[in-house]
Amino acid sequence: MRNFEKDEIYEKFCAWIGDSEDSNWTEYTTEIVAKTVLIDFTKQQWDRLTTEILSKPEYWQQRCAVSLGEDRTERSIEILKLLLSESNYKDVKTIAIYELDWAEAPIEKKYVPFIKEVIKNTPHEEIEPELNNLLTKAEST
């Protein structure tokens, strides 16, 4: 893992995400994070987030995913795809699917197995249209 120097913008991002599941987080926080922090990220900060995100706890990945979905930039989409394919948490993968579908981002065929896995592990009555929408998009590429 790379060492990253002290970085005020990245630390501000981490402060917004919170240091525990009980830290302050509302539905409005995602927009604030996207429009006041992620917008200022440099390549180094995006690289750092990409490097560190999978080692973070579930709540952190969830909050990050919804903030990235609000941002909808190319780097955000890349990290959402990373969460979909490599997160250890089903709920994080599900959030990534929602955000990718809502962002109307192109999704490659290689993500089909990950989407199918989430659908398979979701009770039938809880399967939302976004899951099947993204699967259809991925299968048609």
Side-chain angles (χ1 to χ4, degrees), residues 1-124 126-141:
M1 183 176 277
R2 295 170 48 181
N3 281 335
F4 293 95
E5 295 178 20
K6 186 169 175 64
D7 180 333
E8 285 184 32
I9 293 174
Y10 195 82
E11 288 176 15
K12 182 178 177 182
F13 173 76
C14 291
W16 274 108
I17 297 295
D19 59 3
S20 76
E21 201 165 348
D22 297 327
S23 59
N24 191 25
W25 186 262
T26 70
E27 63 184 273
Y28 304 107
T29 307
T30 59
E31 186 175 354
I32 293 168
V33 170
K35 294 183 178 181
T36 67
V37 182
L38 292 177
I39 196 168
D40 293 329
F41 262 30
T42 64
K43 180 188 179 316
Q44 180 182 356
Q45 290 151 341
W46 284 113
D47 291 348
R48 181 175 180 183
L49 181 58
T50 301
T51 301
E52 294 180 356
I53 194 166
L54 293 173
S55 66
K56 299 291 187 179
E58 183 175 16
Y59 82 89
W60 206 96
Q61 290 183 28
Q62 290 172 342
R63 292 175 181 186
C64 193
V66 293
S67 296
L68 293 167
E70 188 74 37
D71 183 54
R72 296 183 181 177
T73 61
E74 184 178 330
R75 289 302 301 262
S76 290
I77 299 301
E78 288 174 18
I79 296 172
L80 285 168
K81 289 176 179 179
L82 174 69
L83 290 171
L84 168 59
S85 61
E86 296 188 33
S87 177
N88 290 322
Y89 307 108
K90 178 186 168 280
D91 285 346
V92 171
K93 290 175 179 265
T94 302
I95 291 168
I97 290 172
Y98 290 157
E99 297 298 340
L100 288 165
D101 184 56
W102 294 332
E104 299 181 12
I107 185 83
E108 296 82 4
K109 194 176 286 285
K110 69 182 182 180
Y111 295 101
V112 166
F114 305 110
I115 301 166
K116 284 184 173 181
E117 176 190 345
V118 170
I119 292 171
K120 180 181 136 198
N121 293 314
T122 301
H124 182 70
E126 294 177 20
I127 295 177
E128 298 289 338
E130 292 84 357
L131 300 177
N132 289 315
N133 290 348
L134 198 67
L135 177 60
T136 301
K137 288 177 195 175
E139 288 177 330
S140 67
T141 57

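Only a predicted model underlies this, so the values are computations on that prediction, with no experimental measurement involved.
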Between the side chain of [X] and the main-chain N/O of [Y], is any donor-acceptor distance below 3.5 Å?
X: Tyr59; Y: Gly18; result: yes
X: Glu86; Y: Leu83; result: no
X: Ser85; Y: Leu82; result: yes

Check [X] against [Y] and note the closest heavy-atom contact, atom names and distance.
X: Phe114; Y: Leu84; answer: CB-O, 3.8 Å
X: Ser76; Y: Trp46; answer: OG-CH2, 3.3 Å
X: Glu139; Y: Lys109; answer: O-NZ, 2.7 Å
X: Asp40; Y: Ile9; answer: O-CD1, 3.9 Å
X: Ser67; Y: Trp25; answer: OG-CH2, 3.5 Å
X: Tyr10; Y: Leu49; answer: OH-CA, 3.6 Å

Is the shortest side-chain N to carboxylate O distance from [X] to [Y] below 4.0 Å?
X: Lys12; Y: Glu8; value: no
X: Arg75; Y: Asp47; value: yes
X: Glu104; Y: Arg72; value: no
X: Lys35; Y: Asp71; value: no

Could you give the distance from [atom1] ([X]) to [atom2] ([Y]), rounded to the nearest 0.5 Å?
X: Thr30; Y: Ile17; atom1: OG1; atom2: CD1; value: 9.5 Å
X: Cys14; Y: Asp19; atom1: SG; atom2: CG; value: 10.5 Å
X: Thr141; Y: Lys110; atom1: OG1; atom2: NZ; value: 10.5 Å
X: Leu100; Y: Asn133; atom1: CG; atom2: CG; value: 12.0 Å
X: Gln44; Y: Thr51; atom1: CD; atom2: OG1; value: 10.0 Å
X: Ile95; Y: Glu130; atom1: CD1; atom2: CD; value: 12.5 Å

For [X], does the [atom1] atom have more than 12 heavy-atom neighbours from other residues, nucleotides or ligands under 6.0 Å away?
X: Ile127; atom1: CD1; value: yes
X: Glu108; atom1: CD; value: yes
X: Lys90; atom1: NZ; value: yes

Step-by-step side chain to side chain contact (heavy atoms under 4.5 Å, CB included) determination, Val66 to Glu70: CA-CA 6 Å; Val66 293; Glu70 188 74 37; over 6 Å; no
Check: [Y] and [X] side chains under 4.5 Å, non-hydrogen atoms:
X: Ile115; Y: Ile97; result: yes
X: Thr26; Y: Thr29; result: yes
X: Thr122; Y: Val118; result: yes
X: Asp101; Y: Lys137; result: yes

Between Ile53 and Trp60, is a side chain to side chain contact (heavy atoms under 4.5 Å, CB included) present by the stated rule, with each step listed? CA-CA 8 Å; Ile53 194 166; Trp60 206 96; 4.1 Å; yes
Angle class for the Trp102/Tyr98 ring planes (parallel below 30°, perpendicular above 60°, tilted otherwise)?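 Geometry flag for Tyr98 against Trp102: parallel rings.
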How far apart are the C-alpha atoms of Ile107 and Lys81, what are their side-chain angles, what is the distance that settles it, and do they pass the side chain to side chain contact (heavy atoms under 4.5 Å, CB included) test? CA-CA 8 Å; Ile107 185 83; Lys81 289 176 179 179; 4.0 Å; yes
Dump the intermediate steps for side chain to side chain contact (heavy atoms under 4.5 Å, CB included) on Leu68 and Ile77, then the final yes or no. CA-CA 7 Å; Leu68 293 167; Ile77 299 301; over 6 Å; no
Here's a test for you: under side-chain hydrogen bond (donor to acceptor under 3.5 Å, both in side chains), which of Gln61, Glu58, Lys93, Lys56 qualifies with Ser87?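 Answer to the side-chain hydrogen bond (donor to acceptor under 3.5 Å, both in side chains) test with Ser87 among Gln61, Glu58, Lys93, Lys56: Gln61.
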Can you tell me if Arg48 and Thr42 form a side-chain donor-acceptor pair at under 3.5 Å?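 No - no donor-acceptor pair under 3.5 Å links their side chains.
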Measure centre to centre between the rings of Tyr28 and Trp16, then say whether the value is under 6.0 Å.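 Not under 6.0 Å, so no.
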